[in-house]
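Computed from a predicted structure; not experimentally measured.
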Amino acid sequence: MTIEFTVSKRQLEMREAIRGLTKNVIRPQSLAWDRAHGVPEDFLRNFAQLATSMGSSAMRSGLGEEKGQAEKTGGNVGTIMASEEIAWGDAGLLLCLPGPGLGGPPVRGSGTDEQKQRFFSIFKDMSGPLRWGAYGLTEPAAGSDVAGIRTSCKKDGDHWVLNGRKCYITNGARASWTVIFATIDPALGRAGHRAFVVEKGTPGFSVGRIEEKMGLRASETAELVLEDCRVPAANLLGGEEKYQTKEGFMTAMKTFDNTRPIVAAMALGIGRAAFEYATDFVRSNYALARHTPRYAAIAERLARVGRNLHAARMTTWRAAFMADQGIPNAKEASMSKAMGGQAAIRACIEAIEICGAEGTIAKDHQLLEKWFRDIKVYDIFEGTGQIQRIVISKR
């Protein structure tokens with residue numbers, strides 16, 4: 001298989017534009033958003049409008065663009081490049097952007113033409129109220145074990161009745177609609193899965209608690225409750241014929257193939273930020289040219305962090321490149337997620353240890369301790385590191 005490592009002039013120009021934006025606009029506000037537990041809607045609106053004018057597929061990823069539009073704006077590789085840059089400024093911002101979010105890929109991949117039009121059309125008008133979509137798969141007793149979901153669905157005339165709870169749902173409280181995965185019978189395992197688009201305001205559909213998190217505090221994470229929730233049969237993704245096989249489960253898995261490289265790129269953005277911070281700190285406080293064991297050890301630690309981040313970045317770009325070429329990339333997507341999360345976590349740990357007390361104090365100008373809080377979840381959501389290694393070994 002040919003792997004193209006050359007990026008286009010358009011992609012490079014996009015990256016440079018986003019890099020300037022994140023340095024001068026996003027990062028200076030990152031700590032304030034973290035402490036306020038949210039990004040102001042005026043900023044989100046302006047950012048989304050800017051994304052549209054710039055044509056960045058990552059910045060537009062929440063806006064529900066179709067596949068052809070995404071290819072024009074850089075495709076998956078362009079999305080990966082932009083995601084790393086934005087996460088370098090503030091990783092929570094990408095999760096806050098208005099649009100279908102993680103709910104977009106399953107609707108785009110499995111929805112009927114009518115469903116795509118109906119559910120994506122609400123995101124086109126950026127002059128009105130901001131709108132979000134969400135993705136509801138994880139449950140209190142079924143996170144990594146996707147096949148073990150217990151939210152039930154039962155056909156009742158021209159409706160389906162859903163009962164259960166979903167947890168850790170990004171933008172769950174404010175979403176206009178959420179893709180909810182349920183099962184007709186837990187004993188059937190994956191074959192029993194069904195995917196529904198449940199709209200806000202549907203009787204029996206409510207928001208539980210909003211989570212208080214260690215990291216990514218600017219991003220909303222909610223619990224969703226379904227109690228005899230009556231969902232129109234027209235909201236079953238793809239229609240009844242889609243589920244003669246294991247289509248419901250495969251809809252969930254295909255979503256991960258698209259999003260895991262993006263999550264890896266976000267992790268790399270945080271890891272790179274910590275690496276650069278530690279490098280600048282060492283340059284300001286140590287004379288590494290001196291031949292002392294301590295300085296040699298510090299130089300080696302930084303070199304190792306840099307190597308691992310670079311290797312993870314190339315793996316992530318490869319997964320994105322394969323997606324752009326229409327090549328199945330489930331294994332490579334898991335590789336990028338496993339490597340990206342671990343490399344970035346290690347970068348943050350090394351940066352904290354190298355900088356010492358300077359790295360742990362939450363000053364107004366101090367972002368290292370925030371990155372340390374933010375990074376851990378990147379080895380958990382979208383499938384834990386352990387799950388990625390299982391996927392890789394099976395393939």
Full working for salt bridge (Lys or Arg N to Asp or Glu O under 4.0 Å) between R150 and E139: CA-CA 8 Å; R150 291 294 181 268; E139 300 179 0; over 6 Å; no

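- Taking CD1 from I387 and OG1 from T384, the interatomic distance works out to 4.5 Å, rounded to the nearest 0.5 Å.
- Under the 4.5 Å side-chain criterion, counting only non-hydrogen atoms from C-beta, R217 is in contact with R373.
- Under the 4.5 Å side-chain heavy-atom criterion for grouping Ile, Leu, Val, Met, Phe, Trp and Tyr, I270 is connected to L368 within one hydrophobic cluster.
- Q366 places a side-chain heavy atom less than 4.5 Å from the side chain of Y277.
- A pairwise comparison of heavy atoms in A48 and P98 identifies CB-CG, 4.1 Å as the closest pair.
- For R19 and W88, the positive end is not near the middle of the six-membered ring at less than 6.0 Å and at most 45° from its axis.
- Under a 4.0 Å N-O distance rule, the pair E382/R260 does not qualify as a salt bridge.
- What you find for A344 and A267 is that their closest heavy atoms are CB-O, 3.1 Å.
- In this structure, CG on L94 lies 11.5 Å from OG1 on T170, to the nearest 0.5 angstrom.
- Side chain of N163 to main chain of S152: no donor-acceptor pair is present (N/O by atom type, distance under 3.5 Å, no hydrogens or angles).
- Nearest heavy atoms, L309 versus G271: CD1-O, 3.8 Å.
- Put simply, the side chain of T279 gets close to the backbone of F275: a donor and an acceptor are under 3.5 Å apart.
- Between the D34 side chain and the S30 main chain, no donor and acceptor come within less than 3.5 Å of each other.
- The closest donor-acceptor contact from the side chain of D379 to the backbone of A338 lies at 3.5 Å or more, if one exists at all.
- Classification of the F47-F43 ring pair by plane angle, with boundaries at 30° and 60°, yields parallel.
- Using a 4.0 Å cut-off between charged side-chain N and carboxylate O, D280 and R283 make a salt bridge.
- Side chains of H37 and E212 form a contact here, defined as non-hydrogen atoms less than 4.5 Å apart.
- Closest approach of C348 to A274, counting heavy atoms only: SG-CB, 3.8 Å.
- Here the side chains of F196 and F181 are not in contact, with every heavy-atom distance at 4.5 Å or above.
- In this structure, a donor-acceptor pair under 3.5 Å is present between the side chains of Q388 and S334.
- Under the 3.5 Å distance criterion, the side-chain polar atoms of Q11 are matched with a main-chain donor or acceptor of S8.
- V107 places a side-chain heavy atom less than 4.5 Å from the side chain of F120.
- Although no hydrogens or angles enter the test, the distance criterion places no donor-acceptor pair under 3.5 Å between the side chain of W371 and the main chain of R272.
- For K331, the NZ atom counts as loosely surrounded, since its 6.0 Å shell holds 12 or fewer non-hydrogen atoms of other residues, nucleotides or ligands.
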Side chain to side chain contact (heavy atoms under 4.5 Å, CB included) assessment of W160 paired with L162: CA-CA 6 Å; W160 287 80; L162 276 61; 3.9 Å; yes

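- Side-chain contact between K394 and I390 is present, with heavy atoms from C-beta onward closer than 4.5 Å.
- The side chain to side chain contact (heavy atoms under 4.5 Å, CB included) test with I262 is passed by exactly one of T316, N76, I80: I80.
- A donor-acceptor pair under 3.5 Å links the side-chain atoms of K337 to the main chain of F381, judged by distance alone.
- Under a hydrophobic-cluster definition in which Ile, Leu, Val, Met, Phe, Trp and Tyr are linked whenever side-chain heavy atoms come within less than 4.5 Å, directly or via other members, M81 and V263 are assigned to the same cluster.
- Cluster annotation: I392 and M339 are assigned to distinct hydrophobic clusters (Ile/Leu/Val/Met/Phe/Trp/Tyr, side-chain heavy-atom contacts under 4.5 Å, transitive).
- Taking the side chain as every heavy atom from C-beta outward, E199 and N235 approach each other to under 4.5 Å.
- In this structure, the separation between OG on S110 and NZ on K116 is 8.5 Å, given to the nearest 0.5 Å.
- Counting only distance, with no hydrogens or angles, the side chain of N171 and the backbone of L95 share a donor-acceptor pair below 3.5 Å.
- A218 approaches C96 most closely through the heavy-atom pair O-SG, 3.2 Å.
- Considering all non-hydrogen atoms of both residues, W33 and P40 come closest at NE1-CD, 3.5 Å.
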Worked verdict on K370 versus D90 for side chain to side chain contact (heavy atoms under 4.5 Å, CB included): CA-CA 10 Å; K370 177 186 181 298; D90 187 86; 3.2 Å; yes

Residues E240, K155; criterion salt bridge (Lys or Arg N to Asp or Glu O under 4.0 Å); working and verdict: CA-CA 11 Å; E240 296 276 0; K155 188 74 179 293; 3.3 Å; yes

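- Two different hydrophobic clusters hold F205 and Y168 under the rule that ILVMFWY side chains link at heavy-atom gaps under 4.5 Å.
- Using a cutoff of 4.0 Å between basic side-chain nitrogens and carboxylate oxygens, R15 and E84 are not scored as salt-bridged.
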Residues L216, Y378; criterion side chain to side chain contact (heavy atoms under 4.5 Å, CB included); working and verdict: CA-CA 10 Å; L216 296 180; Y378 285 88; 3.9 Å; yes

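- No side-chain heavy atom of T178 sits under 4.5 Å from any side-chain heavy atom of V197.
- Criterion: ILVMFWY side-chain heavy atoms under 4.5 Å apart, direct or through other members. Under it, I345 and M335 are not part of a common hydrophobic cluster.
- At least one donor-acceptor pair under 3.5 Å links the side chain of S336 to the backbone N or O of A333.
- In this structure a side-chain-to-backbone donor-acceptor pair under 3.5 Å is missing from E332 to P261.
- In this structure, E241 CD and L236 CG are separated by 8.5 Å, a value rounded to the nearest 0.5 Å.
- In this structure, R165 CZ and L226 CG are separated by 9.5 Å, a value rounded to the nearest 0.5 Å.
- Put simply, NZ on K154 and CG on D228 are 10.5 Å apart, with the number rounded to the nearest 0.5 Å.
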Criterion side chain to side chain contact (heavy atoms under 4.5 Å, CB included) on V225 and V207, from CA distance to verdict: CA-CA 6 Å; V225 182; V207 177; over 6 Å; no

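- Remark: the T138 side chain and the K166 side chain contain no N/O donor-acceptor pair separated by less than 3.5 Å.
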Check against salt bridge (Lys or Arg N to Asp or Glu O under 4.0 Å), E85 and K23: CA-CA 9 Å; E85 296 304 322; K23 180 180 179 180; over 6 Å; no

